[in-house]
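Just so we're clear, the structure is a prediction, and the values are computed from it rather than from any experiment. Naming convention: chains lettered A, B, ... in sequence-line order (proteins, then strands); numbering from 1 in each chain.
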Amino acid sequence: MYVAVKGGERAIAAAHGWLDEERRGDPAIPELGTDQIRTQMTLAVDRVMAEGSLYDPDLAALALKQARGDAIEAIFLIRAYRTTLPRFGASIPIATGAMACERRISAIFKDAPGGQVLGPTFDYTHRLLDFALMAGGEAPSSAPQSEPRDAAKPHVTEILAREDLIQAESEHDEVDTPPDLTRAPLSLPASRALRLQALARGDEGFLLSLAYSTQRGYGRNHPFVGELRVGTVAVEMEIPELGFAVEIGEIVVSECESVNQFTGSKTQPAQFTRGYGLVFGRGERKAISMALVDRALRWKELGEENTGAPAQDEEFVLAHADNIQASGFLEHIKLPHYVDFQAELELIRKLRSEALAHLGADA
Amino acid sequence: MSGYNFAYLDEQTKRMIRRALLKAVAIPGYQVPFASREMPMPYGWGTGGVQVTAACLVPEDTLKVIDQGADDTTNAVSIRAFFARVADIATTEHTRDASVIQTRHRIPEAPLREDQILVFQVPIPEPLRFLEPRETETRKMHALEEYGLMHVRLYEDIARHGEIAKSYAYPVRVEGRYVMDPSPIPKFDNPKLDDCPALQLFGAGREQRIYALPPYTRVESLDFEDYPFKASRPDHPCALCGARDSYLDEVVIDDAGGRMFVCSDTDYCNDRRAAGHRGEMAAPFEEMPE
Amino acid sequence: MSAPLLEVDGLRKHYGRRIGCAEVSFTLWPGEVMGIVGESGSGKSTLLSCLAGHLASDGGQILYRDRSGHAHAVANLSEAGRRRLAREEWAYVHQNPRDGLRMGVSAGGNVGEPLMARGQRHFGDIRAAALDWLERVEIAQDRIDDVPRDFSGGMQQRLQIARSLVNGPRLVFMDEPTGGLDVSVQARLLDLLRGLVRDLGLSAVIVTHDLAVVRLLADRLMVMQGGYVVESGLTDQVLDDPQHAYTQLLVSSVLQV
């Protein structure tokens, strides 16, 4: 009698045991190593790093293994680990102009200083299942690589900026200490730096859909991919004791600069506008999405009309972009709610009995 | 547990939360923004309450955790185990023995004391949220005490149902100033908020808000003069302990629509049974948990 | 009642290089109704938005004297101050009732909200006031629990008027109150408004492109064109003996109809 809610402790322990078993799967099959995940499931690892806001491929691989491949669960593990780490300071801004690009394309110029580098892209593959991989295919023949990838490639938007054809990014956006969403509550309206930070951590699917909605007319901003680049940049940090910046490591990032519809008036000559996307690892879909959403959110600063599109609504976008907040709150409705539900049950019974008595009296 | 600070959070974070708590105590019912950390349990599962509890705990504390009034529900077990592990503190299921009680959706039946802290887990701290979704707007409404809309909602209920059809998370006004969401407790519990000797703290992790009711704060449930607030009253005695003054869970016991009503506060029910009270479905010679 | 309610002096509003309105000055006395007429783009709606504090003006002064005799410079009001005036002293009737009503809240709730916003907490009194006002705006009392979504356009507008007036505002702003309604409905609404203005001794500023509205409701009139007031005076005087060419055109185009 009355066992429905008893035994929580035992149930949890048993569930954890079962979960471990499920994660391991068939013991006759060799166990997956985190090194395999790190080197062969690289795009999954990159997404976990980007949305987990922690650049550590080994931990991201571990999180993916522990999460049985579920990206959001892995991101959650990384976030919960990250939050316990001390914060030493902020790096100086990474110089993406000096990136060693493995991929760099512009959709607005046929050629640009530094050249177009297609890189390892899915773009022109035919999406045909390669059954050889299933059979345990051989190592791919080594691909020819173009000229040394370290040759500096200036940003394509700089070419437009030289002629003043594109809006200058405002200087006062660049603050000494960037805001940190994980150390201060989100306050609205948010600065652009804070917005970009929230988008960089935001859910790829959410940003993709929002960006797509702007293309379909909900806050349209006519984007071109001015430039997309993926590659390695150095991270440098100012060390107060030394008085100069030292390199503390290298990271791979994807950066997208969009070139968008122009603004202008009689007093202000027309200029293209821009949106910006930057994510950890190789995540160009997310970087492009982010640039489009960033651009849509800038309507006020650019004196555009608010058409009521979701992508223009800062409060809507920022409050719902984080998949860890979203999935937690969504899934918490699995927790018992029987106290609330009991209260609702009593109320509805009471309202019904009163209404029925009333109807009976009328009849 | 090695590798983690006492009660999981680092001391800097605890200080930040304590500052928010002090501000919340100074302005009863006001939602103080705080830099909620990412916790090792999901948002919506009590991260706000856990952070408040972590910031309040000292090694001498004895912690009780309840969910839906019960100590043995899965999430209560999980949070209690978490603190036992990361803070190595004593835990209890007895309301009277606890110095800190973290709760989801209930206030214990046993009266609380001045030396106790009650920590509520809050999903949506903003009582105006479902009337006005924008934070930027609701903040102004609180600042300017524009609470007309809240009463429109209550007016509509009475016009439609003849009474205020809000059975839980029933909004309250604190010291005649801020309208506050008491978290999804049944309105049965609302009177316990008022003039309570214990410190009541509310933490909303995902929404990054903390608010508080200092001891002996005046807390009024919103109503109309001619439709005064009425706390719900149980229709049945508890089937196990016979209590007529406690909030009851409805437990379906067979396929034929059979059901029993039992105290949602398991500790209260156990205490009463230990003292010899028997409901109509209690086993005659049941062995009591200690 | 010796002090003016509203004093406007040299009011100016630009949209970039375009003039919204400029050099607008007038005084409104208690119990007086001021009509502002002009075609669309003449600046009359801009002027009304500035007066009500919805738009920030670029120059000039708007002084409003409240119940206690205190004068407020509307342009300098904090949001809190503006909202207090909007809640306790003013009412605003929008052209589109959707902008002034809560479409999902019952008629009674819509009329009752301003009372609750000012602290009334007696359900029976609020409901009685709502019933009384529904009757005054000729809405059947048994519609009190229906939502405005289910009302006709004319009923919605009458409901908005009830909601605006229930608190006994000292100053009412009306933006094309009869716009968007068909002619027979307009006539009935005008008739109703005239009765209310007379019975309650309302002070109001009414913006409209419809000369029939000002003829019936306004004591005085300002004619706007291109952002400027081109003619002003007593309503009958202006309409019967227009001096400015533009006013003459307006009046004659009405007469042709």
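Contacts of A:Asp203 classified as salt bridge (Lys or Arg N to Asp or Glu O under 4.0 Å), with partners at least two apart in sequence or in another chain: A:Arg47. Evaluation of the side chain to side chain contact (heavy atoms under 4.5 Å, CB included) rule for A:Ala74 yields A:Val48, A:Ala63, A:Leu64, A:Ala67 as partners, not counting sequence neighbours. Under the ring pair (Phe, Tyr, Trp, His ring centres under 6.0 Å) criterion, B:His161 pairs with no residue at all, not counting sequence neighbours.
Taking a 6.0 Å sphere around OH of A:Tyr81, one finds it holds 12 or fewer heavy atoms contributed by other residues, nucleotides or ligands. Counting non-hydrogen atoms of neighbouring residues, nucleotides and ligands closer than 6.0 angstrom, the CD atom of A:Glu22 exceeds 12 such neighbours. Within 6.0 Å of OH on A:Tyr218 lie no more than 12 heavy atoms contributed by other residues, nucleotides or ligands. Annotation: B:Glu280, atom CD; neighbour count of heavy atoms from other residues, nucleotides and ligands within 6.0 Å does not exceed 12.
Between atom CD1 of residue A:Ile324 and atom OH of residue B:Tyr43 there is a gap of 8.5 Å, rounded to the nearest 0.5 Å. A distance of 12.0 Å separates CG in A:Leu181 from OG in B:Ser36, rounded to the nearest 0.5 Å.
For B:Phe261, the part lying near chain A is the side chain, with the backbone staying farther off; criterion is any non-hydrogen pair under 4.5 Å. Heavy atoms closer than 4.5 Å to chain B are found in the side chain of A:Arg349, but not in its backbone. If you measure heavy-atom distances from B:Ser78 to chain A, the contacts under 4.5 Å come from both the backbone and the side chain. The parts of A:Glu331 that come within reach of chain B are both its backbone and its side chain, each placing non-hydrogen atoms under 4.5 angstrom from that chain. Residue B:Leu9 does not touch chain A at all, counting heavy-atom pairs closer than 4.5 Å. Neither the backbone nor the side chain of B:Phe188 has a heavy atom closer than 4.5 Å to any heavy atom of chain A. Contact of B:Lys166 with chain A is made through the backbone alone, with heavy-atom distances under 4.5 Å. Of the two parts of A:Leu351, only the side chain, counted from C-beta on, holds a non-hydrogen atom closer than 4.5 Å to a non-hydrogen atom of chain B. Both the backbone and the side chain of B:Thr136 come within less than 4.5 Å of a heavy atom in chain A. Neither the backbone nor the side chain of B:Glu207 comes within contact range of chain A; no heavy atoms are under 4.5 Å apart. Heavy atoms of A:Phe329 lying under 4.5 Å from chain B belong to its backbone as well as its side chain.
With B:Gln208 contributing its side chain and A:Pro185 its backbone, the two residues share no donor-acceptor pair below 3.5 Å. A:Glu315 contributes a side-chain N or O that, together with a main-chain N or O of B:Glu135, makes up a donor-acceptor pair within less than 3.5 Å.
Of the listed residues B:Met39, B:His105, B:Arg80, the one with more heavy-atom pairs under 4.5 angstrom with chain A than any other is B:His105. If you tally non-hydrogen atom pairs under 4.5 Å between each of B:Arg104, B:Met41, B:Gln12 and chain A, the highest count goes to B:Arg104. If you tally non-hydrogen atom pairs under 4.5 Å between each of B:Pro133, B:Pro42, B:Ser167 and chain A, the highest count goes to B:Ser167.
B:Asp67 places a side-chain heavy atom less than 4.5 Å from the side chain of A:Pro336. Side-chain contact check for A:Glu9 versus B:Thr74: every heavy-atom pair is 4.5 Å or farther apart. Residues A:Tyr338 and B:Thr73 form a side-chain contact, since some pair of their non-hydrogen atoms from C-beta on lies under 4.5 Å apart.
Using modelled atom types, one finds no donor on one side chain facing an acceptor on the other under 3.5 Å when comparing A:Thr182 with B:Glu38.
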Exercise. Would A:His332 and B:Arg206 count as a side chain to side chain donor-acceptor pair (under 3.5 Å) if you check the C-alpha gap in whole Å, the side-chain angles of each, and the deciding distance to 0.1 Å?
Worked result: CA-CA 12 Å; A:His332 105 281; B:Arg206 190 179 41 80; over 6 Å; no

For this session: Starting from the C-alpha separation in whole Å, work towards a yes-or-no answer on side-chain contact (heavy atoms from CB on, under 4.5 Å) for A:Lys334 and B:Trp45.
Result: CA-CA 10 Å; A:Lys334 294 183 290 192; B:Trp45 300 54; 4.1 Å; yes

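Inspection of non-hydrogen atoms places A:Gln342, A:Ala343, A:Glu344, A:Leu345, A:Glu346, A:Leu347 of residues 341-348 of chain A under 4.5 Å from chain B.
Heavy-atom minimum distance, B:Tyr247 versus A:Val339: OH-O, 3.0 Å.
In this structure, A:Asp313 pairs ionically with B:Arg134, as a charged nitrogen and a carboxylate oxygen lie closer than 4.0 Å.
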